[in-house]
Amino acid sequence: MPLQKITKILTPAQAFDKMCKYCAYQERTQHQVRLKLQSLYIPNQDTENIIAKLIENNFINELRFATTYASGKFRINKWGKLKIKHGLKKQKITPYCIAKALQSIDNQEYEKAAKKLFTTKYNGLKGQKKIKALKAASYLRTKGYESDIITHLANVIED
């Protein structure tokens, strides 16, 4: 007979306290909290009440999450805006919050990062200039940079 893990049933107040700690540790979205509460077997009505209280007490703020996510993925992972946008959509963030988060990225720093990634990749490759430029451009596409920035960088290198 298989052993089943015995789960402790939480009251709504206990679940709220647990979610306060969960959200205080790191920025969370409504979607993440909803999934966590489902994993704790909290009923849907209680889940919605808990999420409403968390928003009211500013434990959940999707604009703050989106801005933090965008700046972190750009600064640390050197992601482009397209990849950041896709990641935020996966987190079920609203289009308004996504747009505001992407606006928070400084355009000069963004172009500077794209140029640095492109030249580093380009200089690390061997072969003909055209092939190197195509491979570097492909690399930037996987990082989520826009076509116009990539095309501009490729044209500058080829000149």
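For the numbers below, each heavy atom of this structure counts, side chains included, while hydrogens, waters and symmetry mates do not.
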Quick one: pull up [atom1] in [X] and [atom2] in [Y] and give me the separation to the nearest 0.5 Å.
X	Y	atom1	atom2	answer
R64	N58	CZ	CG	4.5 Å
F65	Q91	CZ	CD	4.5 Å
Q30	N61	CD	CG	10.0 Å
K132	K121	NZ	NZ	12.0 Å
L63	S104	CG	OG	8.5 Å
I98	T67	CD1	OG1	11.5 Å

(request) Considering only NZ, NE, NH1 and NH2 on the basic side and carboxylate oxygens on the acidic side, decide whether K81 and E146 come within less than 4.0 Å. (result) no
(message) Quick check against the 3.5 Å criterion: does K78 have a side-chain atom that pairs as donor or acceptor with the backbone of R75?
(response)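 It does hold such a pair.
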(message) Would the distance check show the side chain of S39 and the main-chain N or O of K36 forming a donor-acceptor pair, the cut-off being under 3.5 Å?
(response) yes
Would you say that [X] contacts [Y] through its side chain, given a criterion of any heavy-atom pair below 4.5 Å between the two side chains?
X	Y	result
K85	L102	yes
K129	Y122	yes
Y69	I84	yes

(message) Tell me which one of I149, N155, I150 satisfies side-chain contact (heavy atoms from CB on, under 4.5 Å) with L153.
(response) I149
(request) Could you pull out the closest heavy-atom pair between Y145 and W79, with the gap in Å? (result)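 Shortest heavy-atom separation between Y145 and W79 comes out as OH-O, 3.8 Å.
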(request) Grab the two heavy atoms, one from A66 and one from C97, that are nearest each other, plus how far apart they are. (result)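 In this case the closest contact between A66 and C97 is CB-O, 3.8 Å.
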Can you give the donor-acceptor pairs under 3.5 Å from side chains of residues 133-143 to other protein atoms, not counting sequence neighbours?
unit_1 : atom_1 : unit_2 : atom_2 : d
T142   : OG1    : Y139   : O      : 2.6
K143   : NZ     : N77    : O      : 2.8

(message) For H86, I'd like to know if atom NE2 has over 12 heavy atoms of other residues, nucleotides or ligands within 6.0 Å.
(response) no
(message) Are more than 12 heavy atoms, taken from residues, nucleotides or ligands other than K115, located less than 6.0 Å from that residue's NZ atom?
(response) no
(request) Check whether L82 and F118 end up in the same hydrophobic cluster, where Ile, Leu, Val, Met, Phe, Trp and Tyr are linked by side-chain heavy atoms less than 4.5 Å apart. (result) no
(request) Tell me, please, which residues at least two apart from Q103 pass side chain to side chain donor-acceptor pair (under 3.5 Å). (result)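 If we apply the side chain to side chain donor-acceptor pair (under 3.5 Å) test to Q103, skipping adjacent residues, there are no hits.
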(request) Give the other cluster members for I51, using side-chain heavy-atom distances under 4.5 Å between Ile, Leu, Val, Met, Phe, Trp and Tyr residues; answer none if it is isolated. (result) L10, F16, M19, Y22, V33, L37, L40, I42, I50, L54, I55, F59, I60
